[in-house]
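Worksheet for the structure shown next.
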Amino acid sequence: LVYVAVRHITEHTKQGTSPPHGPMPPLFEDDEEVDVGRTAGVEVVLPATGTNVNVTALETALNAATRGDLDGFAATLTALREAKDAAVRARAKQQAKQHARQQQLLQRGRAAASAEPAATASASKRGGENDGPWSAAWAQTHEVLSRQLRSAEQQLATLQFGKRATSDLKAKFEAVADKARVALEAVVKSPQETHELPPELLAEICRQIIAYANARRGVVDVYFDMFVPNASVPEPELSRMARKIRQLHAQFVEQTSPQNVLFVLRESLLYELETFSSLVNVESAMCRVDFKDVMVGLVQAKESLSKWTAVASSAASTKHRSKKSARGAPPMMLVLERVLVLLISRSTLLFYDLLGRPVPPVSSKKVTVSPEFFIRTIANFQRTSGAAFVSLHLNTAGHEYRQGYVHPKVQVEALTGLRSFPALFCFPTDAINGCVSHMVTIVNLIGDKDQLLRGHKIATLNENDFVPKGAKPPERAMFAYYLARSQPQVTLAAVVPIKAKRRAPEKDVDSSVRRFLTEVSNQLRSAWQSSLTANK
């Protein structure tokens with residue numbers, strides 16, 4: 001579309017004629033129209049976004065692409081990208097200067113507030129009546145920022161989201177909002193500018209604190225619903241949480257301004273909401289095993305987390321110039337970063353065939369949290385325990401299963417029989433292919449032990465239990481099956497061979513398999529809670 005538009009403009013500009021269908025429509029309807037047709041070959045300013053477009057460079061890149069000159073195409077686009085980055089840095093520098101100016105005004109106000117008793121006494125001697133209410137308003141705002149809001153944030157940093165702790169935390173943020181409202185009323189009633197601090201600035205600070213405290217109360221509510229110990233949140237509840245987070249984000253953006261002395265506080269909360277919303281969307285998409293939504297959500301969460309890290313790092317480097325900036329990383333950032341890694345690791349299991357991730361070599365060291373965490377854990381267990389294979393099965397009954405990305409309008413045939421329980425992951429990779437007897441046993445066990453599996457118990461089946469005692473054992477190898485429910489529609493299975501002349505696996509093998517299934521199913525089911533406890 002861009003290529004056609006540029007060619008359309010350039011050809012008629014060179015010929016000195018107008019386009020055959022009249023002038024092109026404005027690029028943005030909410031601002032003044034830009035006459036692009038008369039400025040081809042120069043830099044065109046788009047007022048609605050404050051960006052510049054070099055039409056000549058864009059046309060050069062597109063012409064290079066049509067000729068098959070990919071190197072020229074890439075070089076031209078790189079130059080355009082560098083120019084854009086330079087413009088973004090210039091705007092960021094200008095915003096930083098404005099922010100520094102507001103910080104200077106705020107520091108003057110703090111210095112004046114520290115001398116408030118003497119000023120109040122001298123004002124009373126002079127009979128002044130205007131300094132009193134204004135000094136009280138600044139003192140209340142300073143109290144909210146330095147003590148009450150700080151206390152609430154410190155309690156939030158403890159990462160306690162139980163019922164009682166959540167109620168106390170919401171009460172603290174509500175008290176912060178109430179105190180800021182009182183200070184705002186005092187500013188409105190006495191707008192005289194004293195202590196060299198503009199009343200408009202102080203009023204904006206109060207409004208920002210109120211909006212921040214209200215948004216924090218809503219976020220804490222969602223955290224309480226999301227960080228459930230040893231349980232997975234149903235998909236409808238995840239959708240409700242995602243909608244609530246989007247509403248909180250929209251309200252906070254509407255109620256606050258980016259040009260404020262509390263810029264870092266505002267940006268940090270916005271990026272936290274964006275990261276949290278993307279991760280909840282990923283969790284919801286994983287319940288549906290939706291490949292496209294999972295991949296898009298993971299990318300969005302990674303981008304938001306990177307922006308949040310940049311904001312937090314800049315704030316920390318300003319606060320602790322002589323110390324490492326990592327000390328300023330918010331605890332919730334560390335929690336959500338760990339959740340992101342665990343969700344990426346879980347996606348490598350759900351979409352193993354599509355992603356084609358190789359299994360890392362076995363290691364005697366403890367497996368750390370990484371994108372290959374679950375695959376490494378399963379591979380190490382299978383290689384050291386002697387299990388025939390470990391697999392992950394999806395129950396497609398009741399929902400439409402699409403392997404990979406399929407256009408929503410394309411009808412997908414419902415899976416039936418053994419195909420309705422596809423193996424999303426299996427290690428060794430080809431161990432279950434062609435083994436119909438294993439699939440029949442696993443599928444039957446999933447159906448027969450459904451209630452037991454829902455209670456997060458281990459379901460087992462020993463083939464030797466069907467052989468009467470004293471009877472000649474079958475000549476084929478016998479197996480023991482262990483199953484655990486990791487998510488509402490996903491079951492983790494381990495198949496262990498039974499040694500000859502034994503009725504059941506050895507006790508140490510049996511206990512190690514049960515322990516492995518319990519730990520891995522809990523980690524798959526409660527990645528959020530495990531991330532929370534690991535970062536306390």
Side-chain angles (χ1 to χ4, degrees), residues 349-350 352-353 359 362 374-397 415-487 489-525:
L349 291 182
L350 297 180
Y352 183 73
D353 291 337
V359 177
V362 65
F374 288 115
I375 293 181
R376 289 176 64 94
T377 302
I378 293 174
N380 286 355
F381 166 77
Q382 190 275 333
R383 288 163 170 165
T384 56
S385 66
F389 64 86
V390 179
S391 56
L392 200 69
H393 296 267
L394 172 69
N395 183 0
T396 63
L415 302 179
T416 57
L418 294 181
R419 296 174 59 243
S420 62
F421 290 84
L424 300 175
F425 170 81
C426 181
F427 185 84
T429 307
D430 298 328
I432 203 172
N433 292 340
C435 297
V436 179
S437 60
H438 286 320
M439 279 297 300
V440 171
T441 305
I442 291 174
V443 171
N444 288 337
L445 193 57
I446 290 175
D448 295 341
K449 303 293 185 179
D450 184 65
Q451 292 297 330
L452 183 66
L453 292 172
R454 287 185 182 182
H456 302 161
K457 304 294 184 181
I458 303 295
T460 61
L461 185 145
N462 187 342
E463 288 186 329
N464 279 330
D465 292 342
F466 299 96
V467 179
K469 290 185 178 180
K472 184 179 179 179
E475 295 181 359
R476 68 175 181 85
M478 306 298 281
F479 295 89
Y481 298 83
Y482 298 81
L483 272 66
R485 185 66 53 81
S486 61
Q487 290 175 276
Q489 303 293 333
V490 181
T491 303
L492 185 65
V495 179
V496 180
I498 303 175
K499 290 184 178 180
K501 299 182 181 180
R502 292 191 62 92
R503 298 284 300 180
E506 294 87 342
K507 288 186 177 180
D508 57 340
V509 174
D510 179 81
S511 60
S512 66
V513 173
R514 291 177 180 271
R515 182 170 57 254
F516 162 77
L517 289 179
T518 301
E519 292 177 355
V520 173
S521 60
N522 286 341
Q523 289 170 341
L524 287 169
R525 181 169 49 248

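For the numbers below, each heavy atom of this structure counts, side chains included, while hydrogens, waters and symmetry mates do not.
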Apply side chain to side chain contact (heavy atoms under 4.5 Å, CB included) to Val490 and Leu349, showing your working. CA-CA 11 Å; Val490 181; Leu349 291 182; over 6 Å; no
Would you check, one step at a time, whether the test side chain to side chain contact (heavy atoms under 4.5 Å, CB included) holds for Phe421 with Ile446? CA-CA 10 Å; Phe421 290 84; Ile446 290 175; 3.9 Å; yes
Could you walk me through whether Arg485 and Thr491 satisfy the side chain to side chain donor-acceptor pair (under 3.5 Å) test, starting with their C-alpha distance in whole Å, then the side-chain angles of each, then the deciding distance to 0.1 Å, before giving a yes or no? CA-CA 4 Å; Arg485 185 66 53 81; Thr491 303; 3.1 Å; yes
For a side chain to side chain contact (heavy atoms under 4.5 Å, CB included) check, start with the C-alpha distance between Lys457 and Lys449, then their side-chain angles and the critical distance, and finish with the verdict. CA-CA 10 Å; Lys457 304 294 184 181; Lys449 303 293 185 179; over 6 Å; no
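Counting only distance, with no hydrogens or angles, the side chain of Thr460 and the backbone of Tyr482 share no donor-acceptor pair below 3.5 Å. Between the side chain of Asn464 and the backbone N or O of Arg502, at least one donor-acceptor pair lies under 3.5 Å.
In this structure, Pro497 and Gly386 approach most closely via the heavy-atom pair CD-O, 3.4 Å. Looking at every heavy atom in both residues, Pro505 comes nearest to Ala480 through CG-CB, 3.7 Å. The nearest pair of heavy atoms linking Phe389 to Cys426 is CD1-SG, 4.0 Å. The shortest heavy-atom contact between Ala493 and His393 is CB-CD2, 4.2 Å. Nearest heavy atoms, Leu517 versus Ser521: O-OG, 2.6 Å. Annotation for Pro422 and Thr396: closest pair CD-CG2, 3.8 Å, computed over non-hydrogen atoms.
Taking CD from Glu519 and OG1 from Thr377, the interatomic distance works out to 9.5 Å, rounded to the nearest 0.5 Å. We find the CG-CG distance between Leu492 and Leu483 to be 8.0 Å, quoted to the nearest 0.5 Å. Separating the CD atom in Glu506 from the OG atom in Ser512 is a distance of 9.5 Å, to the nearest 0.5 Å. Once rounded to the nearest 0.5 Å, the distance linking CZ of Arg515 with CD1 of Ile458 reads 12.0 Å. One finds the CZ atom of Phe427 at 8.5 Å from the CG atom of Asn380 (value rounded to the nearest 0.5 Å). Leu524 contributes atom CG, which lies 7.0 Å from atom CG of Leu392 (distance to the nearest 0.5 angstrom).
A parallel orientation is assigned to the rings of Phe516 and Phe381, their planes being inclined by less than 30° (bins at 30° and 60°).
Qualifying ring pair (Phe, Tyr, Trp, His ring centres under 6.0 Å) partners for Phe479, counting only residues two or more places apart in sequence or in other chains: His438. Residues passing the salt bridge (Lys or Arg N to Asp or Glu O under 4.0 Å) test with Asp510 are Arg514, sequence neighbours excluded.
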